[in-house]
Amino acid sequence: MSFARLVLAALGLAATIGVAPVGAATGEPKDTLSLLYRVALSAEICGFPVSEKQSERIGHQMDAFLAKLNLSDEESDALYTGVEAAMEREGWDRICSKDSAWAKEFKQALQVYTK
């Protein structure tokens, strides 16, 4: 099972309890994949609401960018871990606030990447 599928499964589980993602990428595939990871982490940890359909689309997007970048499992794991570490440095309380800039970016990312 690919790493993206594992994240998708986590998002699906999170969607059943009401969770969500974030972001704005620069157009570079690696940056977009990082944004999608950030969205998944935000859904899981912050509990932002994400529908099952949205979580499926995010998972498909992750798979597409993983294929485009041709990343190994180790490379995708390292990228995911790096995104998570950066978010921890920012502070989960700050990121997860319903009124945060990130919460607004999260909603925008859902609109862009779950069409």
Side-chain angles (χ1 to χ4, degrees):
M1 177 178 275
S2 74
F3 183 71
R5 290 280 177 216
L6 291 172
V7 172
L8 174 62
L11 271 173
L13 176 62
T16 64
I17 28 180
V19 188
V22 307
T26 64
E28 293 296 320
K30 193 170 186 177
D31 293 337
T32 302
L33 181 58
S34 294
L35 171 63
L36 293 169
Y37 284 164
R38 185 174 170 101
V39 167
L41 282 161
S42 296
E44 181 181 344
I45 294 171
C46 299
F48 294 149
V50 174
S51 72
E52 186 175 335
K53 183 178 178 180
Q54 288 172 318
S55 67
E56 287 176 14
R57 288 293 301 148
I58 294 289
H60 289 294
Q61 292 282 349
M62 284 181 193
D63 284 344
F65 280 98
L66 284 167
K68 186 177 213 173
L69 291 164
N70 196 29
L71 296 179
S72 69
D73 287 344
E74 293 79 20
E75 291 168 323
S76 65
D77 288 349
L79 180 61
Y80 184 88
T81 301
V83 169
E84 184 175 28
M87 293 175 81
E88 286 178 12
R89 286 190 299 274
E90 286 179 58
W92 289 111
D93 289 343
R94 182 173 169 223
I95 290 170
C96 294
S97 169
K98 291 188 304 185
D99 299 324
S100 70
W102 177 240
K104 292 172 186 150
E105 289 178 44
F106 173 82
K107 289 175 187 173
Q108 292 171 344
L110 279 183
Q111 290 176 350
V112 170
Y113 294 103
T114 62
K115 289 182 181 179

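- Counting heavy atoms from C-beta on, the side chains of Met62 and Tyr37 come closer than 4.5 Å.
- Remark: Leu35 CG to Ser42 OG distance equals 9.0 Å, nearest 0.5 Å.
- Partners of Lys104 according to the side chain to side chain contact (heavy atoms under 4.5 Å, CB included) rule, which considers only residues two or more places apart in sequence or in another chain, do not exist here.
- Rounding to the nearest 0.5 angstrom, the gap separating the CG atom in Asp63 from the CD atom in Gln61 is 10.0 Å.
- Counting only heavy atoms from C-beta outward, the side chains of Val50 and Thr114 never approach each other to under 4.5 Å.
- Contacts of Ser34 classified as side chain to side chain contact (heavy atoms under 4.5 Å, CB included), with partners at least two apart in sequence or in another chain: Leu79, Val83.
- In this structure, Glu75 and Ser72 approach most closely via the heavy-atom pair OE1-N, 2.7 Å.
- No donor-acceptor distance shorter than 3.5 angstrom exists from the side chain of Glu44 to the backbone of Leu41, with no hydrogens or angles considered.
- Across all non-hydrogen atoms, the minimal contact from Ala103 to Lys98 is CB-O, 3.5 Å.
- Legend: disulfide (SG to SG under 2.5 Å) pairs involving residues 57-93, not counting sequence neighbours: none detected.
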Would you list the atom pairs, donor with acceptor, under 3.5 Å between side chains in residues 89-97 and any protein atom, with sequence neighbours excluded?
residue	atom	partner	partner atom	Å
Glu90	OE1	Arg38	NH2	3.1
Glu90	OE2	Arg38	NH1	2.7
Glu90	OE2	Arg38	NH2	3.4
Ser97	OG	Asp99	N	3.3

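- Considering CG of Leu36 and OH of Tyr80, their distance stands at 12.0 Å, rounded to 0.5 Å.
- Partners of Glu88 by side chain to side chain donor-acceptor pair (under 3.5 Å), not counting sequence neighbours: none found.
- A pairwise comparison of heavy atoms in Pro29 and Leu69 identifies CB-CD2, 3.7 Å as the closest pair.
- To the nearest 0.5 Å, the span separating CD on Gln108 from CD on Glu105 amounts to 6.5 Å.
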